[in-house]
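A short write-up of the structure that comes next.
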Amino acid sequence: MIDSKMRRWLDDHIKKLNLVDTMEQPNGFTRLSYSEEEWQSIDVFCSVAEQLGLQVRQDEAGNRIARWDVESDVNHTLPAVTVGSHVDTVTNGGGYDGVAGVLCGLGAIKQLKDEGFEPAFPLEVICFASEESARFGVSTIGSKAMSGILETDALADVRDQDGISVREAVEERGLSWSNITHSERNKDEIKSFVELHIEQGVRVEDANAQFGVATAIACPIRLQVQVEGKMGHTGTTPMGKRQDALVAISPLVSFVSEKAEQLSNESSYPIVATVSTLTVKPNVMNVIPGFVKVGIDIRSVDDELKKKMESLIRDQCENLENQYDVKINVNTLVHNASVSLDQALALKLKRLGEEVGYKSFVMESGAGHDVMNMAKKWPSGLIFIPCRDGLSHHPEEHASLEDLERGVNIITAYLKKEASE
(Lines give C-alpha, C1' and ligand atoms only; values in the text may rest on other atoms or scores of the structure.)
Protein backbone atom coordinates (compact mmCIF):
# COMPACT_ATOMS: atom_id res chain seq x y z
CA MET A 1 0.00 0.00 0.00
CA ILE A 2 1.25 3.50 -0.87
CA ASP A 3 0.89 5.43 2.37
CA SER A 4 2.71 8.71 1.84
CA LYS A 5 2.67 11.61 -0.60
CA MET A 6 6.31 10.97 -1.43
CA ARG A 7 5.67 7.32 -2.26
CA ARG A 8 2.82 8.34 -4.52
CA TRP A 9 5.13 10.85 -6.21
CA LEU A 10 7.85 8.21 -6.58
CA ASP A 11 5.40 5.65 -7.99
CA ASP A 12 4.15 8.16 -10.55
CA HIS A 13 7.58 9.39 -11.61
CA ILE A 14 9.41 6.05 -11.80
CA LYS A 15 6.89 5.19 -14.50
CA LYS A 16 7.22 8.56 -16.23
CA LEU A 17 11.01 8.28 -16.41
CA ASN A 18 10.66 4.76 -17.80
CA LEU A 19 8.08 5.96 -20.37
CA VAL A 20 5.49 3.38 -19.27
CA ASP A 21 2.15 3.16 -17.45
CA THR A 22 3.21 0.11 -15.42
CA MET A 23 6.57 -1.21 -14.28
CA GLU A 24 5.45 -4.74 -15.14
CA GLN A 25 7.20 -5.08 -18.50
CA PRO A 26 7.86 -8.73 -19.54
CA ASN A 27 10.52 -7.63 -22.03
CA GLY A 28 12.05 -5.09 -19.70
CA PHE A 29 13.39 -1.73 -20.82
CA THR A 30 15.77 -1.00 -23.68
CA ARG A 31 17.22 2.51 -23.74
CA LEU A 32 20.69 2.16 -25.22
CA SER A 33 23.42 4.81 -25.18
CA TYR A 34 22.64 7.87 -27.30
CA SER A 35 19.44 6.30 -28.59
CA GLU A 36 16.13 8.05 -29.17
CA GLU A 37 14.69 6.08 -26.24
CA GLU A 38 17.40 7.33 -23.86
CA TRP A 39 16.79 10.89 -25.02
CA GLN A 40 13.02 10.56 -24.47
CA SER A 41 13.64 9.52 -20.87
CA ILE A 42 16.15 12.35 -20.37
CA ASP A 43 13.53 14.78 -21.69
CA VAL A 44 11.17 13.57 -18.95
CA PHE A 45 13.94 14.19 -16.39
CA CYS A 46 14.27 17.75 -17.70
CA SER A 47 10.52 18.32 -17.56
CA VAL A 48 10.23 17.08 -13.97
CA ALA A 49 13.25 19.15 -12.91
CA GLU A 50 11.76 22.28 -14.46
CA GLN A 51 8.44 21.62 -12.70
CA LEU A 52 10.41 21.61 -9.46
CA GLY A 53 11.81 25.04 -10.30
CA LEU A 54 15.28 23.95 -11.40
CA GLN A 55 17.22 25.42 -14.30
CA VAL A 56 18.29 22.70 -16.76
CA ARG A 57 21.15 22.78 -19.23
CA GLN A 58 22.67 20.22 -21.57
CA ASP A 59 26.43 19.93 -21.88
CA GLU A 60 28.41 18.87 -24.94
CA ALA A 61 28.29 15.17 -23.98
CA GLY A 62 24.51 15.16 -23.60
CA ASN A 63 24.53 15.20 -19.81
CA ARG A 64 21.69 17.24 -18.31
CA ILE A 65 22.36 19.34 -15.22
CA ALA A 66 19.32 20.49 -13.23
CA ARG A 67 20.40 23.32 -10.91
CA TRP A 68 18.96 25.12 -7.91
CA ASP A 69 20.84 28.40 -7.87
CA VAL A 70 21.56 30.44 -4.78
CA GLU A 71 20.22 33.97 -5.17
CA SER A 72 23.25 35.54 -3.48
CA ASP A 73 25.65 33.71 -5.82
CA VAL A 74 25.12 36.09 -8.74
CA ASN A 75 28.55 35.38 -10.23
CA HIS A 76 28.20 31.59 -9.95
CA THR A 77 31.36 31.27 -7.87
CA LEU A 78 30.09 28.82 -5.26
CA PRO A 79 30.66 25.08 -5.86
CA ALA A 80 27.55 22.96 -6.30
CA VAL A 81 26.46 20.08 -4.09
CA THR A 82 25.57 17.42 -6.63
CA VAL A 83 23.76 14.09 -6.91
CA GLY A 84 22.86 12.04 -9.95
CA SER A 85 22.89 8.88 -12.03
CA HIS A 86 21.63 7.79 -15.48
CA VAL A 87 18.51 6.60 -17.32
CA ASP A 88 19.96 4.45 -20.11
CA THR A 89 19.65 0.68 -19.74
CA VAL A 90 21.05 -2.58 -21.03
CA THR A 91 19.01 -4.46 -23.61
CA ASN A 92 15.82 -5.81 -21.97
CA GLY A 93 17.03 -4.48 -18.63
CA GLY A 94 15.29 -3.22 -15.53
CA GLY A 95 13.71 0.13 -14.82
CA TYR A 96 15.53 0.94 -11.57
CA ASP A 97 19.23 0.66 -12.47
CA GLY A 98 20.26 4.30 -12.80
CA VAL A 99 16.72 5.64 -12.82
CA ALA A 100 16.42 5.16 -9.04
CA GLY A 101 19.32 7.57 -8.48
CA VAL A 102 17.91 10.23 -10.77
CA LEU A 103 14.43 9.80 -9.28
CA CYS A 104 15.59 9.98 -5.66
CA GLY A 105 17.69 13.04 -6.43
CA LEU A 106 14.67 14.84 -7.84
CA GLY A 107 12.57 13.57 -4.94
CA ALA A 108 15.04 15.07 -2.47
CA ILE A 109 14.81 18.44 -4.24
CA LYS A 110 11.02 18.25 -4.01
CA GLN A 111 11.24 17.47 -0.32
CA LEU A 112 13.59 20.39 0.33
CA LYS A 113 11.36 22.75 -1.66
CA ASP A 114 8.29 21.57 0.25
CA GLU A 115 10.12 22.21 3.53
CA GLY A 116 11.05 25.74 2.45
CA PHE A 117 14.77 24.99 2.69
CA GLU A 118 17.15 27.75 1.57
CA PRO A 119 20.51 26.34 0.45
CA ALA A 120 23.74 28.23 1.04
CA PHE A 121 25.33 26.42 -1.92
CA PRO A 122 23.84 25.59 -5.32
CA LEU A 123 22.26 22.13 -5.63
CA GLU A 124 22.37 19.99 -8.77
CA VAL A 125 20.81 16.76 -9.97
CA ILE A 126 22.80 15.35 -12.90
CA CYS A 127 21.42 12.90 -15.43
CA PHE A 128 24.47 11.40 -17.12
CA ALA A 129 24.37 10.21 -20.71
CA SER A 130 25.47 6.74 -21.79
CA GLU A 131 26.38 4.96 -18.56
CA GLU A 132 25.83 1.41 -19.74
CA SER A 133 28.24 -0.47 -22.02
CA ALA A 134 25.48 -2.49 -23.69
CA ARG A 135 25.63 -0.66 -27.03
CA PHE A 136 29.31 0.05 -27.61
CA GLY A 137 31.10 -2.05 -25.02
CA VAL A 138 32.25 1.22 -23.41
CA SER A 139 30.65 2.50 -20.22
CA THR A 140 30.12 5.85 -18.46
CA ILE A 141 30.79 8.10 -21.46
CA GLY A 142 28.93 11.10 -20.04
CA SER A 143 30.59 11.12 -16.63
CA LYS A 144 34.01 10.49 -18.17
CA ALA A 145 33.49 13.56 -20.32
CA MET A 146 32.40 15.67 -17.35
CA SER A 147 35.41 14.48 -15.32
CA GLY A 148 37.85 15.14 -18.16
CA ILE A 149 39.00 11.55 -18.63
CA LEU A 150 37.24 10.63 -21.89
CA GLU A 151 39.68 9.24 -24.48
CA THR A 152 38.01 10.61 -27.59
CA ASP A 153 40.53 9.34 -30.15
CA ALA A 154 40.26 5.75 -28.95
CA LEU A 155 36.49 5.91 -28.67
CA ALA A 156 35.33 7.79 -31.77
CA ASP A 157 35.23 4.84 -34.18
CA VAL A 158 34.08 2.12 -31.77
CA ARG A 159 30.95 0.66 -33.36
CA ASP A 160 27.78 -1.03 -32.19
CA GLN A 161 26.39 -4.24 -33.71
CA ASP A 162 24.72 -2.22 -36.48
CA GLY A 163 28.00 -0.59 -37.47
CA ILE A 164 27.15 2.84 -36.01
CA SER A 165 30.16 4.50 -34.36
CA VAL A 166 30.12 6.35 -31.05
CA ARG A 167 30.88 9.56 -32.95
CA GLU A 168 27.90 8.99 -35.27
CA ALA A 169 25.56 8.12 -32.39
CA VAL A 170 26.53 11.26 -30.48
CA GLU A 171 26.00 13.45 -33.53
CA GLU A 172 22.62 11.79 -34.26
CA ARG A 173 21.51 13.37 -30.99
CA GLY A 174 22.40 16.83 -32.28
CA LEU A 175 25.72 17.03 -30.45
CA SER A 176 29.17 17.74 -31.87
CA TRP A 177 31.81 15.05 -31.31
CA SER A 178 34.60 17.58 -31.74
CA ASN A 179 33.17 19.57 -28.80
CA ILE A 180 32.44 16.69 -26.43
CA THR A 181 35.52 17.39 -24.27
CA HIS A 182 34.13 20.88 -23.60
CA SER A 183 31.76 19.24 -21.13
CA GLU A 184 34.65 18.86 -18.65
CA ARG A 185 33.95 20.84 -15.49
CA ASN A 186 36.48 22.69 -13.38
CA LYS A 187 37.37 21.31 -9.98
CA ASP A 188 36.00 24.39 -8.23
CA GLU A 189 32.53 23.97 -9.81
CA ILE A 190 31.54 20.99 -7.63
CA LYS A 191 31.76 20.69 -3.85
CA SER A 192 30.88 16.98 -3.69
CA PHE A 193 28.97 14.33 -5.62
CA VAL A 194 26.81 11.44 -4.39
CA GLU A 195 25.19 8.72 -6.47
CA LEU A 196 22.33 6.56 -5.23
CA HIS A 197 21.95 3.18 -6.91
CA ILE A 198 20.16 -0.09 -6.40
CA GLU A 199 22.66 -2.53 -4.92
CA GLN A 200 22.38 -5.18 -7.67
CA GLY A 201 23.24 -7.74 -4.99
CA VAL A 202 22.01 -8.95 -1.59
CA ARG A 203 24.74 -7.88 0.84
CA VAL A 204 22.64 -5.06 2.31
CA GLU A 205 19.69 -7.37 2.84
CA ASP A 206 21.87 -10.18 4.19
CA ALA A 207 23.23 -7.73 6.75
CA ASN A 208 19.64 -6.86 7.78
CA ALA A 209 20.44 -3.27 6.85
CA GLN A 210 18.32 -0.72 5.01
CA PHE A 211 21.03 1.03 3.02
CA GLY A 212 24.63 0.54 2.04
CA VAL A 213 27.52 2.97 1.87
CA ALA A 214 30.32 2.07 -0.55
CA THR A 215 33.93 2.86 0.26
CA ALA A 216 35.42 1.65 -3.04
CA ILE A 217 34.50 0.36 -6.49
CA ALA A 218 35.95 -2.85 -7.85
CA CYS A 219 37.09 -2.13 -11.39
CA PRO A 220 37.89 -5.18 -13.52
CA ILE A 221 40.72 -7.08 -15.05
CA ARG A 222 39.32 -8.63 -18.24
CA LEU A 223 41.13 -11.42 -20.02
CA GLN A 224 40.63 -12.93 -23.45
CA VAL A 225 41.85 -16.50 -23.75
CA GLN A 226 42.29 -17.88 -27.26
CA VAL A 227 42.75 -21.61 -27.84
CA GLU A 228 43.98 -23.06 -31.12
CA GLY A 229 43.50 -26.79 -31.56
CA LYS A 230 42.81 -28.72 -34.72
CA MET A 231 39.56 -29.29 -36.51
CA GLY A 232 38.68 -32.81 -37.53
CA HIS A 233 35.79 -35.10 -38.39
CA THR A 234 33.84 -36.05 -35.27
CA GLY A 235 33.11 -39.51 -36.64
CA THR A 236 36.52 -40.56 -37.90
CA THR A 237 39.12 -38.91 -35.63
CA PRO A 238 40.13 -41.30 -32.79
CA MET A 239 39.67 -39.90 -29.29
CA GLY A 240 43.35 -40.22 -28.46
CA LYS A 241 44.48 -38.31 -31.54
CA ARG A 242 42.39 -35.18 -31.13
CA GLN A 243 43.38 -31.56 -30.42
CA ASP A 244 39.94 -30.44 -29.30
CA ALA A 245 40.13 -26.77 -28.33
CA LEU A 246 36.88 -26.88 -26.38
CA VAL A 247 37.87 -29.93 -24.36
CA ALA A 248 41.22 -28.30 -23.62
CA ILE A 249 39.78 -25.11 -22.20
CA SER A 250 36.72 -26.58 -20.47
CA PRO A 251 38.53 -27.21 -17.14
CA LEU A 252 39.28 -23.49 -16.96
CA VAL A 253 35.61 -22.67 -16.42
CA SER A 254 35.33 -24.51 -13.10
CA PHE A 255 38.90 -23.51 -12.17
CA VAL A 256 38.03 -19.81 -12.37
CA SER A 257 34.90 -20.20 -10.28
CA GLU A 258 36.43 -22.44 -7.63
CA LYS A 259 39.68 -20.50 -7.29
CA ALA A 260 37.86 -17.17 -6.95
CA GLU A 261 35.69 -18.59 -4.19
CA GLN A 262 38.75 -19.95 -2.42
CA LEU A 263 40.63 -16.64 -2.62
CA SER A 264 37.56 -14.74 -1.49
CA ASN A 265 37.22 -16.92 1.59
CA GLU A 266 40.90 -16.52 2.44
CA SER A 267 41.14 -12.75 1.91
CA SER A 268 40.09 -9.57 3.71
CA TYR A 269 38.15 -8.41 0.66
CA PRO A 270 35.94 -10.48 -1.65
CA ILE A 271 36.92 -11.31 -5.21
CA VAL A 272 34.69 -12.55 -8.01
CA ALA A 273 35.75 -14.02 -11.34
CA THR A 274 33.52 -15.13 -14.18
CA VAL A 275 33.96 -16.93 -17.49
CA SER A 276 31.33 -14.80 -19.17
CA THR A 277 31.79 -15.20 -22.94
CA LEU A 278 32.53 -18.18 -25.15
CA THR A 279 33.08 -18.40 -28.91
CA VAL A 280 33.54 -21.81 -30.54
CA LYS A 281 34.57 -22.33 -34.16
CA PRO A 282 33.55 -23.70 -36.53
CA ASN A 283 30.55 -24.45 -34.25
CA VAL A 284 29.38 -27.25 -36.54
CA MET A 285 27.85 -30.47 -35.21
CA ASN A 286 30.17 -32.88 -37.02
CA VAL A 287 33.45 -30.92 -36.68
CA ILE A 288 35.81 -31.05 -33.70
CA PRO A 289 36.19 -27.50 -32.32
CA GLY A 290 39.48 -26.08 -33.60
CA PHE A 291 39.27 -22.62 -32.06
CA VAL A 292 37.78 -21.28 -28.82
CA LYS A 293 37.78 -17.75 -27.42
CA VAL A 294 36.89 -17.24 -23.76
CA GLY A 295 36.27 -13.96 -21.93
CA ILE A 296 36.99 -13.70 -18.19
CA ASP A 297 35.97 -10.85 -15.87
CA ILE A 298 37.83 -10.47 -12.53
CA ARG A 299 36.76 -7.94 -9.88
CA SER A 300 37.86 -6.93 -6.41
CA VAL A 301 38.69 -3.67 -4.65
CA ASP A 302 41.99 -5.39 -3.74
CA ASP A 303 44.06 -4.85 -6.87
CA GLU A 304 46.77 -7.27 -5.72
CA LEU A 305 44.14 -9.96 -5.29
CA LYS A 306 42.98 -9.37 -8.87
CA LYS A 307 46.55 -9.70 -10.09
CA LYS A 308 46.94 -12.95 -8.14
CA MET A 309 43.81 -14.36 -9.76
CA GLU A 310 45.09 -13.36 -13.21
CA SER A 311 48.42 -15.07 -12.52
CA LEU A 312 46.67 -18.27 -11.42
CA ILE A 313 44.60 -18.26 -14.61
CA ARG A 314 47.69 -17.82 -16.76
CA ASP A 315 49.43 -20.70 -14.96
CA GLN A 316 46.39 -22.92 -15.45
CA CYS A 317 46.26 -22.09 -19.14
CA GLU A 318 49.90 -23.08 -19.48
CA ASN A 319 49.11 -26.40 -17.78
CA LEU A 320 46.15 -27.02 -20.08
CA GLU A 321 48.19 -26.13 -23.14
CA ASN A 322 50.74 -28.80 -22.28
CA GLN A 323 48.16 -31.37 -21.21
CA TYR A 324 45.98 -31.16 -24.34
CA ASP A 325 48.60 -30.29 -27.00
CA VAL A 326 46.93 -27.02 -28.03
CA LYS A 327 48.12 -23.42 -28.24
CA ILE A 328 46.68 -21.02 -25.65
CA ASN A 329 47.21 -17.23 -25.63
CA VAL A 330 46.01 -15.02 -22.78
CA ASN A 331 45.53 -11.33 -23.56
CA THR A 332 44.66 -8.62 -21.05
CA LEU A 333 41.85 -6.48 -22.50
CA VAL A 334 41.23 -4.28 -19.45
CA HIS A 335 43.28 -3.72 -16.31
CA ASN A 336 41.71 -0.88 -14.35
CA ALA A 337 42.78 0.05 -10.85
CA SER A 338 39.94 0.00 -8.35
CA VAL A 339 38.55 3.34 -7.21
CA SER A 340 38.55 4.46 -3.59
CA LEU A 341 35.73 6.81 -2.70
CA ASP A 342 36.06 9.72 -0.30
CA GLN A 343 36.24 8.18 3.18
CA ALA A 344 35.09 11.31 5.03
CA LEU A 345 32.04 11.56 2.79
CA ALA A 346 31.30 7.84 3.23
CA LEU A 347 31.32 8.29 7.01
CA LYS A 348 29.10 11.34 6.68
CA LEU A 349 26.57 9.46 4.53
CA LYS A 350 26.58 6.57 7.00
CA ARG A 351 25.95 8.91 9.91
CA LEU A 352 23.27 10.91 8.10
CA GLY A 353 21.39 7.77 7.10
CA GLU A 354 21.53 6.47 10.66
CA GLU A 355 20.33 9.82 12.02
CA VAL A 356 17.31 9.56 9.73
CA GLY A 357 16.63 6.21 11.41
CA TYR A 358 18.01 3.56 9.06
CA LYS A 359 20.50 0.76 9.66
CA SER A 360 23.63 1.01 7.51
CA PHE A 361 26.07 -1.46 6.00
CA VAL A 362 29.54 -0.40 4.86
CA MET A 363 30.66 -2.30 1.77
CA GLU A 364 32.43 -2.19 -1.58
CA SER A 365 30.77 -1.99 -4.99
CA GLY A 366 31.39 -4.86 -7.38
CA ALA A 367 29.85 -2.94 -10.27
CA GLY A 368 31.05 0.25 -11.89
CA HIS A 369 29.02 3.45 -11.74
CA ASP A 370 29.31 7.07 -12.85
CA VAL A 371 30.58 7.97 -9.39
CA MET A 372 33.89 6.21 -10.07
CA ASN A 373 34.70 8.87 -12.68
CA MET A 374 33.48 11.78 -10.58
CA ALA A 375 35.70 10.50 -7.74
CA LYS A 376 38.78 11.18 -9.88
CA LYS A 377 38.17 14.91 -9.47
CA TRP A 378 35.74 15.59 -6.61
CA PRO A 379 34.88 14.14 -3.18
CA SER A 380 32.35 11.47 -4.12
CA GLY A 381 30.14 8.91 -2.39
CA LEU A 382 27.84 6.02 -3.29
CA ILE A 383 24.66 4.95 -1.51
CA PHE A 384 22.94 1.64 -2.15
CA ILE A 385 19.30 0.79 -1.57
CA PRO A 386 18.16 -2.85 -1.76
CA CYS A 387 16.69 -4.41 -4.88
CA ARG A 388 14.55 -7.51 -4.67
CA ASP A 389 16.63 -10.73 -4.56
CA GLY A 390 19.62 -8.72 -5.82
CA LEU A 391 18.26 -9.10 -9.35
CA SER A 392 19.42 -6.48 -11.87
CA HIS A 393 19.85 -6.07 -15.63
CA HIS A 394 16.66 -8.10 -15.86
CA PRO A 395 12.98 -7.23 -16.55
CA GLU A 396 12.05 -8.28 -13.00
CA GLU A 397 14.51 -5.88 -11.38
CA HIS A 398 12.61 -4.11 -8.60
CA ALA A 399 13.12 -1.65 -5.75
CA SER A 400 10.23 -1.07 -3.35
CA LEU A 401 8.66 2.35 -2.92
CA GLU A 402 9.63 2.13 0.74
CA ASP A 403 13.31 1.71 -0.17
CA LEU A 404 13.10 4.48 -2.75
CA GLU A 405 11.62 6.78 -0.12
CA ARG A 406 14.47 5.88 2.24
CA GLY A 407 16.84 6.88 -0.55
CA VAL A 408 15.08 10.22 -0.90
CA ASN A 409 15.36 10.82 2.84
CA ILE A 410 19.09 10.03 2.92
CA ILE A 411 19.83 12.26 -0.07
CA THR A 412 17.71 15.01 1.45
CA ALA A 413 19.77 14.82 4.64
CA TYR A 414 22.99 14.91 2.60
CA LEU A 415 21.93 17.91 0.52
CA LYS A 416 20.72 19.76 3.58
CA LYS A 417 23.97 19.15 5.43
CA GLU A 418 26.35 19.85 2.54
CA ALA A 419 24.48 22.94 1.34
CA SER A 420 24.43 24.49 4.81
CA GLU A 421 28.15 24.22 5.70
Side-chain angles (χ1 to χ4, degrees), residues 17-20 25-46 58-64 85-99 102 127-146 149-181 183 220 222-224 226 274-284 291-297 331 333-334 336 367-370 373 392-395 397:
L17 286 165
N18 277 292
L19 312 172
V20 294
Q25 299 290 326
N27 295 319
F29 304 85
T30 301
R31 293 189 294 272
L32 301 181
S33 300
Y34 292 109
S35 67
E36 178 62 27
E37 292 79 12
E38 180 191 21
W39 245 238
Q40 289 174 5
S41 182
I42 292 176
D43 284 344
V44 173
F45 165 81
C46 296
Q58 175 180 277
D59 70 12
E60 292 83 351
N63 302 312
R64 308 295 173 91
S85 197
H86 62 98
V87 295
D88 63 316
T89 72
V90 300
T91 304
N92 303 122
Y96 297 85
D97 175 353
V99 176
V102 168
C127 184
F128 293 107
S130 185
E131 193 270 353
E132 299 286 1
S133 62
R135 182 176 183 184
F136 297 106
V138 180
S139 66
T140 62
I141 293 175
S143 56
K144 282 174 179 160
M146 185 176 289
I149 58 175
L150 187 68
E151 297 179 353
T152 53
D153 290 343
L155 184 60
D157 294 321
V158 173
R159 298 182 182 273
D160 66 12
Q161 64 180 6
D162 296 318
I164 299 171
S165 70
V166 174
R167 183 204 305 266
E168 290 166 343
V170 166
E171 296 192 338
E172 281 179 0
R173 301 275 68 81
L175 303 164
S176 169
W177 180 257
S178 61
N179 291 334
I180 195 168
T181 56
S183 56
R222 287 179 178 152
L223 305 177
Q224 186 181 82
Q226 296 189 21
T274 310
V275 175
S276 49
T277 64
L278 184 69
T279 302
V280 180
K281 293 181 180 179
N283 205 30
V284 174
F291 177 85
V292 175
K293 183 165 64 177
V294 171
I296 303 174
D297 184 283
N331 298 312
L333 300 180
V334 174
N336 292 335
H369 302 287
D370 287 308
N373 299 322
S392 184
H393 287 185
H394 188 281
E397 174 184 280

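Below, all heavy atoms of this structure are taken into account, side chains as well, without hydrogens, waters or symmetry copies.
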### Query
Does Pro395 offer a backbone N or O that forms a donor-acceptor pair with the side chain of Gln25 under 3.5 Å?
no
#### Entry: Asp162 side chain to Ile164 backbone, donor-acceptor under 3.5 Å
no
### Query
Has the side chain of Lys144 got a donor or acceptor atom that lies under 3.5 Å from a matching backbone atom of Ser139?
yes
### Distance-only polar pair, side chains of Ser33 and Ser130, donor-acceptor under 3.5 Å
yes
### Summary
Across all chains, not counting sequence neighbours, the salt bridge (Lys or Arg N to Asp or Glu O under 4.0 Å) partners of Glu168 are Arg159
### Message
Assess the residue pair Thr140 and Phe128 against the criterion (side-chain contact (heavy atoms from CB on, under 4.5 Å)); give the C-alpha distance rounded to whole Å, side-chain angles, the decisive distance to 0.1 Å, and a yes or no.
### Response
CA-CA 8 Å; Thr140 62; Phe128 293 107; over 6 Å; no
#### Entry: Heavy-atom neighbours of Asp153 CG exceed 12 at 6.0 Å
no
### Task
May I have the step-by-step check of side-chain contact (heavy atoms from CB on, under 4.5 Å) for Val166 and Arg135, ending in yes or no?
CA-CA 9 Å; Val166 174; Arg135 182 176 183 184; over 6 Å; no
### Task
Scan side-chain atoms only and decide if Asp297 and Ser276 contain a donor-acceptor pair under the 3.5 Å cut-off.
no
### Task
Could you tell me whether the side chain of Gln226 reaches within less than 4.5 Å of the side chain of Asn331, counting heavy atoms only?
yes
#### Entry: Derivation and outcome, side-chain contact (heavy atoms from CB on, under 4.5 Å), residues Glu172 and Tyr34
CA-CA 8 Å; Glu172 281 179 0; Tyr34 292 109; over 6 Å; no
### Message
Treating Ser85 as the side-chain partner and Val102 as the backbone partner, does any N or O pair qualify as donor plus acceptor under 3.5 Å?
### Response
no
### Query
Does any non-hydrogen side-chain atom of His86 lie less than 4.5 Å from one of Glu38?
no
### Task
Check whether any side-chain N or O of Asn18 sits under 3.5 Å from a backbone N or O of Val20 as a donor-acceptor pair, and report yes or no.
no
### Task
Mark yes or no for whether Glu397, through its side chain, and Tyr96, through its backbone, hold a donor-acceptor pair below 3.5 Å.
yes
### Query
Would a 4.5 Å heavy-atom cut-off, applied to side chains only, mark Phe29 and Asp97 as touching?
no
### Message
Just by distance, no angles: are the side chains of Arg222 and Asn336 close enough, under 3.5 Å, to form a donor-acceptor pair?
### Response
no
### Asp88 (side chain) donor-acceptor with Arg31 (main chain) under 3.5 angstrom
no
#### Entry: Expected output: side-chain Ser183 to main-chain Ile180 donor-acceptor under 3.5 Å
yes
### Query
With Glu36, which residues qualify under salt bridge (Lys or Arg N to Asp or Glu O under 4.0 Å), at least two apart?
Arg173
